[in-house]
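Some notes on the structure that comes next.
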Amino acid sequence: MRILIADDEAIIRLGLKAILRELGHVVYDASNGREALQMARKQNPDLAIFDVKMPYTDGIEAARVLSRERPLPIILLTAYSDADLIEKASELPIHGYLIKPVQPNALEAAIAVAIKRFQEIKDLHAANEKLAQALETRKLVDRAKGKLMVEKGLNEADAYRLLQLRARETRLTLREVAQAVLKG
């Protein structure tokens with residue numbers, strides 16, 4: 001995977017980079033959040049690991065911006081474990097939270113979990129979108145049936161069959177036929 005790391009402490013960056021490379025990943029590193037965002041736009045990483053406290057743009061803001069611009073799994077890294085910081089992090093669309101110093105096996109596990117959680121969220125969004133489209137189609141078809149029932153004196157079953165027939169004849173979707181009927 002292509003992994004972007006951002007930490008203002010060079011020794012931490014070098015350590016993370018070494019661990020990640022040993023695990024077989026390509027690593028891009030930045031020394032602050034602003035630089036990390038610029039690098040993310042150029043390199044299109046598969047995952048990001050941001051230190052929470054960095055100059056210019058901190059890891060929390062960088063995670064917020066990156067998740068809005070280009071959603072990907074994000075892990076926050078910090079030397080601090082206070083409740084306020086954890087609360088702020090939990091309000092973000094992040095997929096992991098690690099406390100320094102990071103052990104290689106903990107980092108590997110956090111990456112695996114982050115990728116899995118990100119994919120689950122992505123799948124849920126896709127399913128939600130599909131359901132929203134189906135509901136919208138159903139509403140359009142119901143309104144079109146109602147219009148046909150009033151204008152042509154059809155019962156509901158016949159109005160629906162007429163919509164299906166028009167869809168088959170015109171090779172359009174039921175949604176497109178319903179929209180055409182509603183437009184007149």
Side-chain angles (χ1 to χ4, degrees), residues 1-138 173 175:
M1 286 188 348
R2 295 179 322 269
I3 299 178
L4 170 62
I5 58 174
D7 196 307
D8 58 328
E9 296 177 51
I11 192 82
I12 300 291
R13 253 191 345 268
L14 290 173
L16 283 172
K17 198 172 188 176
I19 293 169
L20 292 168
R21 282 187 172 161
E22 195 171 300
L23 293 171
H25 302 293
V26 174
V27 182
Y28 306 102
D29 63 314
S31 60
N32 61 62
R34 186 183 312 154
E35 186 181 327
L37 289 171
Q38 291 169 350
M39 196 170 288
R41 291 175 188 123
K42 287 181 197 170
Q43 302 299 336
N44 291 322
D46 301 311
L47 181 130
I49 302 172
F50 293 155
D51 181 25
V52 171
K53 298 198 179 206
M54 293 185 289
Y56 307 113
T57 302
D58 67 19
I60 289 175
E61 183 58 26
R64 184 177 289 117
V65 170
L66 190 57
S67 66
R68 208 173 32 240
E69 287 181 4
R70 187 184 174 282
L72 75 159
I74 299 172
I75 298 172
L76 288 182
L77 178 66
T78 183
Y80 309 96
S81 61
D82 64 72
D84 185 46
L85 196 55
I86 293 170
E87 179 65 29
K88 281 183 185 176
S90 69
E91 293 172 3
L92 293 172
I94 62 165
H95 306 91
Y97 189 90
L98 287 171
I99 298 180
K100 297 176 192 176
V102 177
Q103 300 302 316
N105 57 351
L107 182 58
E108 188 173 20
I111 289 170
V113 169
I115 291 167
K116 179 91 170 142
R117 293 297 164 257
F118 179 76
Q119 189 59 51
E120 287 172 353
I121 291 167
K122 202 169 153 182
D123 292 346
L124 283 172
H125 283 296
N128 189 33
E129 182 61 32
K130 189 175 179 181
L131 287 171
Q133 288 293 323
L135 180 61
E136 183 61 31
T137 296
R138 172 80 184 246
T173 65
R175 178 186 182 101

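We're numbering straight along the sequence, starting at 1. Values below: all heavy atoms of this structure, side chains included; hydrogens, waters and symmetry mates excluded.
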Summary of side-chain hydrogen bond (donor to acceptor under 3.5 Å, both in side chains) pairs that have at least one residue in residues 52-63, sequence neighbours excluded: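 Matches after skipping sequence neighbours: E61-R64.
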For F118, ring-ring contact (aromatic ring centres under 6.0 Å, His included) partners two or more places apart: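 ring-ring contact (aromatic ring centres under 6.0 Å, His included) check on F118 returns H95.
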Residue L131 excluded, over 12 heavy atoms near CG under 6.0 Å: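 Yes - once you tally the heavy atoms of other residues, nucleotides and ligands closer than 6.0 Å, there are more than 12.
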Could you pull out the closest heavy-atom pair between [X] and [Y], with the gap in Å?
X   : Y   : answer
S31 : P55 : O-CD, 4.3 Å
S67 : P71 : O-CG, 3.4 Å
L37 : A62 : CD2-O, 3.5 Å
A40 : L66 : CB-CD1, 3.6 Å

Chi angles and distances behind the side chain to side chain contact (heavy atoms under 4.5 Å, CB included) call for I60, L76: CA-CA 8 Å; I60 289 175; L76 288 182; 4.3 Å; yes
L4 and F50: CA distance, side-chain angles, deciding distance, side chain to side chain contact (heavy atoms under 4.5 Å, CB included) verdict: CA-CA 8 Å; L4 170 62; F50 293 155; 4.0 Å; yes
Where at least one partner belongs to residues 1-12, residue pairs that pass salt bridge (Lys or Arg N to Asp or Glu O under 4.0 Å), sequence neighbours excluded: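 Applying salt bridge (Lys or Arg N to Asp or Glu O under 4.0 Å) to every pair that reaches into residues 1-12, excluding sequence neighbours, yields R2-D46, D7-K100, E9-K100.
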Residue pairs fulfilling salt bridge (Lys or Arg N to Asp or Glu O under 4.0 Å) with at least one residue in residues 17-28, sequence neighbours excluded: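 Those involving residues 17-28 are K17-D29.
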Rounded distance (nearest 0.5 Å) linking atom CG of N128 with atom CD of Q133: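 So the gap between those two atoms works out to 11.0 Å.
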Partner set under side-chain hydrogen bond (donor to acceptor under 3.5 Å, both in side chains) for R138, not counting sequence neighbours: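 Checked R138 against side-chain hydrogen bond (donor to acceptor under 3.5 Å, both in side chains); zero matches.
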Main-chain N/O of M54 paired with D51 side-chain donor or acceptor, under 3.5 Å: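 Checked: no pair found.
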Residues in salt bridge (Lys or Arg N to Asp or Glu O under 4.0 Å) contact with E136, at least two apart in sequence or another chain: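 Listed in chain order: nothing, the list is empty.
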Set of salt bridge (Lys or Arg N to Asp or Glu O under 4.0 Å) partners for R117, sequence neighbours left out: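 Here the qualifying residues are E120.
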Check against side chain to side chain contact (heavy atoms under 4.5 Å, CB included), L16 and I3: CA-CA 10 Å; L16 283 172; I3 299 178; over 6 Å; no
Using residues 102-114 as the side-chain source, report each donor-acceptor pair under 3.5 Å to any protein atom, sequence neighbours left out, with the distance given to one decimal.
none

Flag side-chain contact, heavy atom, 4.5 Å: V27 against I5: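 Yes, their side chains come closer than 4.5 Å.
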